[in-house]
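Data first, discussion second: the structure below is written as structure tokens.
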Amino acid sequence: MSRYPTLRSCGYELDRTIGTGGFGKVKLATHTLTGEKVAIKIMDKTKLGKDLPRVKLEISALKNLSHPNICKLYQVIETESHCYVVMEYCSGGELFDHIVEKSRLSEMESRMFFRQIISAVSYLHDNGYAHRDLKPENVLLDREQNLKIIDFGLCAKPQGGMDSLLLTSCGSPTYAAPELIQGVKYHGSEVDIWSMGVILYALLCGCLPFESDNIDELFKKILKGKYIEPGWLSSGSKRLLRRMLCVDPLKRIRISELINDPWISLGFGCPPSTKNHNVDRCKDTECLEVISQYCEIDKEIIWSRISKWKYDSETATYLLLLNKKKYGAPLVLKKKE
Ligand SMILES: COc1cc(O)cc(Nc2ccc(C(=O)Nc3ccccc3)c(OCCC[NH3+])c2)c1
């Protein structure tokens, strides 16, 4: 019998564990009605303690965010003891594994991925959020190698907006900015830029700029900000990396400059897109028709419920049908037994 009977009764068939993190585990599952694969983050509320507010913050962030390079939220299920967050399954796995497989990526492939990260992070910052835990393990790929940022468990939405300072030291030291590991007040946007610099270095070089098994050694390297520039790096990529991995946050490149950096537009002829994306909130009559026929309820009534975006089972079914439509799968719902 499944350890999580709630999920089966909510229309999900659990499969293997695909990730474990601070707040719980992530399991692969299938949404029974649509047959679509999803990732479900399972958290035991009784064990979360002081971290429970963070979970609430992440869920409210995910409900407000809709971008092609941010892993989608489909449904939130809460019981007395557990919180289940149903999200987009990124079948391409971790970008990190993709880099290791190819040892390092070409400038063009690195740029193609990095532009998507810039697009997602500038959208995040424009909406008042800092991720604060950007690292290759939190950058996944979907079936078409589109990039998806995950794990907003450490994200922050500073009360006074993105110009106000944060203090909580969080995230993984290897990717953490100097000011963050020094425990001084910092801007979320500036620490995200540093972490993006570490990711760009990993894409281009196939290794990390600052590494050590000894945490004190690692901190010293980050605070010094000195790293090896392999011979294959072009002058444009070296210059950009120096501007991102700049120890002084005040001199570090800002997201608006990063978007317009010439290296970023090489071969594309234009900066990455930063416009607000809410394609998922559009009214798709074809998907509504499928649900309306299945429930035998008028599709305008269905839409009036779905457009409240409660992230309940109806939101999940609608968004998963939209997904199926996007990659040309038949729009059908499994017959009631
Ligand atoms: C906003 O997206 C979030 C927030 C969050 O708190 C957690 C997650 N977790 C996820 C979501 C999806 C996957 C996934 O699809 N992984 C995967 C797929 C195919 C092969 C291998 C992994 C996920 O994976 C967990 C391991 C990632 N380091 C976590 C998303």
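Remember, it's 1-based here, ligands and their atoms both numbered in the order they're listed.
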>> Distance alone, cut at 3.5 Å: any donor-acceptor contact between the side chains of Ser81 and Lys45?
In response: no
> Under 3.5 Å, is there a donor-acceptor pair linking the side chains of Asn64 and Tyr129?
Replying inline: yes
>> With salt bridge (charged side-chain N to carboxylate O under 4.0 Å, His left out) as the rule and sequence neighbours excluded, what pairs involving residues 115-127 come up?
In response: none
Check ligand 1 for close polar pairs with the protein: N or O on both sides, less than 3.5 Å.
from     : atom 1 : to     : atom 2 : distance (Å)
ligand 1 : 6 (O)  : Lys41  : NZ     : 2.6
ligand 1 : 6 (O)  : Glu58  : OE1    : 3.2
ligand 1 : 6 (O)  : Glu58  : OE2    : 2.4
ligand 1 : 6 (O)  : Asp151 : OD1    : 3.4
ligand 1 : 15 (O) : Cys90  : N      : 2.8
ligand 1 : 28 (N) : Glu94  : OE2    : 2.7
ligand 1 : 28 (N) : Glu137 : O      : 3.0

Side-chain donor-acceptor pairs under 3.5 Å in residues 260-270, sequence neighbours left out?
from   : atom 1 : to     : atom 2 : distance (Å)
Asn260 : ND2    : Ser256 : O      : 3.0
Asp261 : OD1    : Trp263 : N      : 2.8
Asp261 : OD2    : Arg239 : NH1    : 3.4
Asp261 : OD2    : Arg239 : NH2    : 3.4
Trp263 : NE1    : Glu107 : OE1    : 2.9
Ser265 : OG     : Cys270 : O      : 3.2

> Distance only, no hydrogens: is a donor on one side chain within 3.5 Å (strictly under) of an acceptor on the other, for Gln116 and His67?
Replying inline: no
>> Going by the rule salt bridge (charged side-chain N to carboxylate O under 4.0 Å, His left out), which residues pair with Lys63 if we only count those two or more places apart in sequence or in a different chain?
In response: none
